[in-house]
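Heads up: the structure comes next, in structure tokens.
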Amino acid sequence: MMSRTIPLERIRDIGIIAHIDAGKTTITEMILHHSGRTYKIGRVDDGTAEMDWMDQERERGITITAAATSCDWQDHRINIIDTPGHVDFTAEVERSLRVLDGGVMIFDGVAGVESQSEMVWRQANKYRVPRICFVNKMDRMGADLWRTVDMMKKRLNANVGLTQLPLGEESSLTGVIDIIEEKAYKFSGELNSELTEIPIPDEYRDNAARYRRALIENLAEADDEIMLAYVADEKIDVAAIKAGLRRATISARIVPVLCGSALRNIGIQPVLNAIVDYLPSPLDMPPIRGSGVRGQGSGVIEELRYPDDDAPFSALAFKIVTDPFIGRLVYLRVYSGRIKSGAVVYNAVTGKKERIGRLYQMHANNRVEIPEIDSGSIAAAVGLRNTSTGDTICDAEHPIILESITFPEPVISVAIEPMSRGDQDRIVDALTKLAEEDPTFKVQYNQETGQTLISGMGELQLEVIVVRLLREFRVKAKVSRPRVAYKETITIPARAEGRFVRQTGGRGQYGHVWLEIEPLQPGTGFEFVNRIQGGVVPREYIPAVQTGIKQTFAEGVIAGYPVVDVRATIVDGSYHEVDSSEPAFKMAGAIAARECVRKAAPVILEPIMKLEVVTPQEFLGDVIGGLNARRGNIDGIEPREALTVIQCFLPLAESFGYATDLRSISQGRASFFMGFDRYQAVSKELADSIIGKYRSGNSG
């Protein structure tokens, strides 16, 4: 085995997370430049950012897919994942936070805490990710560090540890004041310039001293060692403050806050220092927990894996990418052990062994082949054909299943159709690969409507998918609003006759049955019962009757939708020794089924979704009004800290476009989750409208 080039205590696995347009990618570009990873600085607005490598990212000026890279700073290796900020791509943030040890949270100094800031903060809390914060764009008009800090305290319930103050304000911003080291750093604003250390200007000294005292007092409440020194009135030096702040950050009791302007190259080196000083190495994190299986019948037990190169190998597959040149790339976070390229590994979820072909260190979409990966690494592997997002790859002799990654269910669907017959086969393959990459993107073929439905977290995500189909997979497709899968059922029993008689000069056609139908419990489906006695309908014709009934129910009777939850019983009939046939009895069954349904007080059922909306209190009235306008049925309202949770049942037909409307109503600060609950009868007015459209379509 190769010896480790960088000790584990000097590894930092971090993510850059924030609301859209807060400046995540710009900060990542600056970090890569100052660490010597890149020599030119890409700009998001110009479409030249290294980390935004997809064409659509460069065209739209947003990050769509989480990009991994690494750099070195002060003899430390920093593995970085730059995540998207748009809510439609929340899965990229979710899976990144699952495998990271720390995060750098970026805030817009003008906008403060924005909607997606709240969402990604909650995601980071969910995975207990220690983080530092950088208030960006402090050179903009209206930038206000103290307002942003106050919003962090109120909206995020964050215990803020302010470590820097701005030197100057808005357009006159020239640097930052380090209140821990009691120094100031001036930046020229030039992209390739270095920072200049200067004494704190006189006009800032009192303020800096006051905030330094506040930071130490805050630290004393969060850290026992600082508390003892504080109570004993001992001098707490810079090293002690930094050590205490590191302990408090890793234990998530304090969040250090820095400030600056990434675009003007102000405050980037201090961010790199803070990543090294305050964020954890793999050794600072608790051992990863998982379930292991030992022997037959011994059951599942809890296993721990420590970040040690000599421990059994374990890694989590957190991302799948289809690379046009080398095929399927599986991104791995290694928690324990080490593995070489060409080694055989065990997928503990599927129970299958696979061989790792090659291993790569990633820099956005560029890759450098490496011979092995060790504990704390984030790398990509080729050859794992049967590995999916969330699977555990491990040593076959020491199997373990690590906690997988949970993703929100898709909330919006559209129908997609190939433009030509030649695109038909290619679209299936393309959609399968795209669904492998993005766990929140789902594909299903609806037998009832004959449509292929694609589902995702929002309209932008699906729009990006359609463009990728065209550009990457050369498939032309058109997208349309999906047809809601209504159903029909009956509410009372009914009895009717079905008689099919044809005389054509030669042998005729004769089939005759009496049918009874009755409603069944929701979800039961279709039942057929034969109660013919005395052979009034010969046994060989009974299956034909059943087929005629089933086909009629599948096609629908009143509005062209499937008839469900019905028991059909054949009770009587007659036959002709010469003219009766299976086709004649099939027709007789169909005629009787249609007549029975018409007599049985039929209704149309619509799919009802269970909806949970999480909104700030100030938008509650507008959100409820929007749900009422969409025929929503409010089931409960529950306060939850600074938010309000609305439980609601909403017809699927009324859910289309809700993601966009909710963002508009709540300034993007509300979120929702939706899933199928049940089928329910529609109102008479809506039923008349649906039936009218069906009849006019058929007559046309």
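Note that the structure is predicted; figures quoted are calculated from it, not measured.
- Counting non-hydrogen atoms of neighbouring residues, nucleotides and ligands closer than 6.0 angstrom, the CZ atom of Arg385 reaches no more than 12 such neighbours.
- In terms of modelled atom types and a separation under 3.5 Å, the side chain of Thr524 and the main chain of Gln521 share a donor-acceptor contact.
- Note: Ile691 CD1 to Glu488 CD = 7.5 Å, rounded to the nearest 0.5 Å.
- For Ala430 against Leu469, the heavy-atom pair with the smallest separation is CB-CD2, 3.5 Å.
- Remark: side-chain polar atoms of Arg328 are not paired, donor with acceptor, to backbone N or O of Lys433 under 3.5 angstrom.
- Summarising the geometry of Ser96 relative to Ile81, their closest heavy-atom pair is OG-CG2, 3.4 Å, with the distance given to 0.1 Å.
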Does the side chain to side chain contact (heavy atoms under 4.5 Å, CB included) test come out yes or no for Ile591 and Phe500, once each step is laid out? CA-CA 8 Å; Ile591 293 166; Phe500 182 73; 4.2 Å; yes
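- Closest approach of Leu520 and Gly525 over heavy atoms only: CD1-O, 4.2 Å.
- The CD1 atom of Ile558 sits 12.5 Å away from atom OH of Tyr486, with the distance rounded to the nearest 0.5 Å.
- A distance-only check finds a donor-acceptor pair linking the side chain of Arg630 to the backbone of Glu654 [under 3.5 Å].
- The two residues Leu97 and Val129 make their nearest non-hydrogen contact at O-CG2, 3.7 Å.
- For residues 527-542, the salt bridge (charged side-chain N to carboxylate O under 4.0 Å, His left out) pairs, not counting sequence neighbours, are Glu527-Arg567.
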If you apply the rule salt bridge (charged side-chain N to carboxylate O under 4.0 Å, His left out), what do you find for Lys487 with Asp565, and how did you get there? CA-CA 10 Å; Lys487 296 184 187 295; Asp565 305 330; over 6 Å; no
Could you walk me through whether Gln667 and Phe619 pass the side chain to side chain contact (heavy atoms under 4.5 Å, CB included) test, one step at a time? CA-CA 9 Å; Gln667 299 170 17; Phe619 305 114; 3.9 Å; yes
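- Asp391 contributes a side-chain N or O that, together with a main-chain N or O of Ser388, makes up a donor-acceptor pair within less than 3.5 Å.
- Side-chain atoms of Ser117 do not come within 3.5 Å of backbone N or O of Val113 as any donor-acceptor pair.
- In terms of the salt bridge (Lys or Arg N to Asp or Glu O under 4.0 Å) criterion, Glu354 has no residue partners (sequence neighbours excluded).
- In this view, Glu606 and Arg631 satisfy the salt bridge (Lys or Arg N to Asp or Glu O under 4.0 Å) rule, not counting sequence neighbours.
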Kindly list each side-chain donor-acceptor pair under 3.5 angstrom involving residues 509-517, sequence neighbours excluded, with atom names and distances?
from, atom 1, to, atom 2, distance (Å)
Gln509, OE1, Ser581, OG, 2.8
Tyr510, OH, Arg499, NH1, 3.4
Tyr510, OH, Ser574, OG, 2.7
His512, ND1, Ser574, N, 3.4
His512, ND1, Ser574, OG, 2.6
His512, NE2, Glu497, OE2, 2.6
Glu516, OE2, Arg495, NH1, 2.9

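- Closest approach of Ile532 to Val536, counting heavy atoms only: CG2-CG2, 3.8 Å.
- Here side chain to side chain donor-acceptor pair (under 3.5 Å) pairs that include residues 586-605, with residues two or more places apart or in two chains, are Gln551-Lys586.
- Taking CG from Leu316 and CG from Leu402, the interatomic distance works out to 6.0 Å, rounded to the nearest 0.5 Å.
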Report the C-alpha separation of Gln617 and Leu620 in whole Å, then their side-chain angles, then the decisive distance to 0.1 Å, and conclude whether the side chain to side chain contact (heavy atoms under 4.5 Å, CB included) test is met. CA-CA 5 Å; Gln617 176 70 31; Leu620 181 61; 3.7 Å; yes
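- Summarising the local packing, NZ of Lys352 is surrounded by 12 or fewer heavy atoms from other residues, nucleotides or ligands at distances under 6.0 Å.
- Here the OG atom belonging to Ser671 is positioned 8.0 Å from the CG atom belonging to Leu643, to the nearest 0.5 angstrom.
- When all heavy atoms are compared, the tightest approach of Ile634 to Cys648 is CD1-SG, 4.1 Å.
- Separation of atoms CD1 (Ile637) and CD (Gln647) is listed at 10.5 Å; rounding is to 0.5 Å.
- Atoms CG and OH, from Leu627 and Tyr658 in turn, are 4.0 Å apart once rounded to the nearest 0.5 Å.
- Residues passing the ring-ring contact (aromatic ring centres under 6.0 Å, His included) test with Phe526, sequence neighbours excluded: Phe553.
- Here the side chain of Ser404 pairs a donor or acceptor atom with the backbone of Gly390 at under 3.5 angstrom.
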Stepwise side chain to side chain contact (heavy atoms under 4.5 Å, CB included) check, Phe318 with Val99: CA-CA 7 Å; Phe318 69 95; Val99 299; 3.7 Å; yes
